[in-house]
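Ligands are counted one by one from 1 in listed order, and the atoms in each one are counted from 1 as well.
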Amino acid sequence: MKNISSILLDRTSIRKYSEKPVGNELLNDILIKGCRASTTGNMQVYSIIVTRDIEKKRELAPCHFNQKMVTEAPVVLTFCADFNRFSKWCRMRNAEPGYDNFLSFFTAAIDALLVAQTVCIAAEAEGLGICYLGTTTYMAHKIIEALNLPAGVVPVTTVTLGWPADKPEQVDRLPLDAVIHHETYKDFSAADIDRCYSEKEGRKDSRQFIKENNKETLARVFTDVRYRKEDNVYFSKIFLQVLKDQGFMNQ
Ligand SMILES: Cc1cc2nc3c(=O)[nH]c(=O)nc-3n(C[C@H](O)[C@H](O)[C@H](O)COP(=O)(O)O)c2cc1C
């Protein structure tokens, strides 16, 4: 096992996996460690769907815009906000659950994301590679169908997991003072923004990215290509409908 500093400092997302299987025992060990993550009121209002079956992965692939990791990774983990199990337990014990509201969804989503990241660290400590799939929230309605998720359960993120077949170069991070504020939030002047983003904008890979996308600035690649307003608005509407359908907007 690697030491904790190198697990955290040397990691990269892994998008190519070798054929080597991930054993059940190892996966179980990683999941046990992941489930030690902090959880709201110790309720564990999350579920993790483990997908290993190639047919199921093929069914999930379009839900992730056919990102190839879904079918190529030996394991796909879908992390769900889940008040279904907990609410059933409450009802069976003569307790009335009050979790059909947005705050409860957000609580369960926080739980699910904390367990997801802890699973990822546990996996990376074993030398496994992971990649998150943000497509989960875009296509939650389809994932709900594919994975048979009942009311009270909403997928919030997906992680592909396997032995790395690639050692990608680390990508940049903003300087620490771009994300850390001491005592109170110190808003950014134009000069602060220039300073925070100058290293990122000056990088060769960023300049290449701008050129490939035929854009004027790096920011325009984000706003015009990668995370466009019209897509955000479109998928927001679908996700809000998912929250309604799954019973989280009944307040
Ligand atoms: C919530 C979330 C969603 C992500 N979605 C995707 C995705 O759909 N496809 C992908 O290839 N990478 C995805 N990533 C990985 C990021 O692109 C990656 O973490 C980021 O570029 C930084 O690279 P690093 O993890 O190698 O440091 C996602 C990461 C997060 C945290």
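In this structure a side-chain-to-backbone donor-acceptor pair under 3.5 Å is missing from Thr136 to Pro155. For the pair Thr39 (side chain) and Gln44 (backbone), a donor-acceptor distance under 3.5 Å is present. No side-chain donor-acceptor contact under 3.5 Å links Ser104 to the backbone of Asp100.
Atoms of ligand 1 found under 4.0 Å from any heavy atom of Ser13 (numbered from 1 in listed order, with element): 15 (C), 18 (C), 19 (O), 24 (P), 25 (O), 26 (O). Near Gln67, meaning under 4.0 Å from any of its heavy atoms, are these atoms of ligand 1: 7 (C), 8 (O), 9 (N), 10 (C), 11 (O). Listed by number with element, the atoms of ligand 1 under 4.0 Å from a non-hydrogen atom of Arg11 are 24 (P), 25 (O), 27 (O). For ligand 1, the atoms closer than 4.0 angstrom to any heavy atom of Cys131 are 10 (C), 11 (O), 12 (N). Using a 4.0 Å cut-off to heavy atoms of Met69, the atoms of ligand 1 that qualify are 11 (O).
Aromatic ring centroids of Phe188 and His181 lie under 6.0 Å apart.
At least one side-chain heavy atom of Pro168 sits under 4.5 Å from a side-chain heavy atom of Ile14. Using a 4.5 Å heavy-atom threshold, the side chains of Phe65 and Met139 count as touching. Looking at heavy atoms from C-beta onward, Glu212 lies in side-chain contact with Gln208 at the 4.5 angstrom threshold. Inter-residue side-chain proximity for Tyr17 and Cys131 is flagged as met; some heavy-atom pair is nearer than 4.5 Å.
With a 4.0 Å cut-off on non-hydrogen atoms, His64 does not touch ligand 1 at all. Counting heavy atoms under 4.0 Å from ligand 1, residue Glu169 does not touch it at all. Residue Thr12 touches ligand 1 through backbone and side chain together, judged by heavy-atom distances below 4.0 Å. Here Gln170 has no heavy atoms under 4.0 Å from ligand 1, in either its backbone or its side chain.
For atom 27 (O) of ligand 1, the nearest protein heavy atom (residue, atom name, distance) is Arg173 NH2, 2.9 Å. At the shortest separation from atom 16 (C) of ligand 1 among protein heavy atoms lies Arg15 NH2, 3.8 Å. If you check which protein heavy atom lies closest to atom 5 (N) of ligand 1, you get Gly134 N, 2.8 Å. In this structure, the protein non-hydrogen atom closest to atom 14 (N) of ligand 1 is Tyr132 O, 3.4 Å.
To the nearest 0.5 Å, atom SG of residue Cys63 and atom CD1 of residue Ile144 are 10.5 Å apart.
Distance check for atom 20 (C) of ligand 1: every protein heavy atom is found at 4.0 Å or beyond.
For ligand 1, none of its N or O atoms has an N or O atom of Val171 under 3.5 Å away.
Heavy-atom contacts from other residues, nucleotides or ligands closer than 6.0 Å to CD of Gln170 number more than 12.
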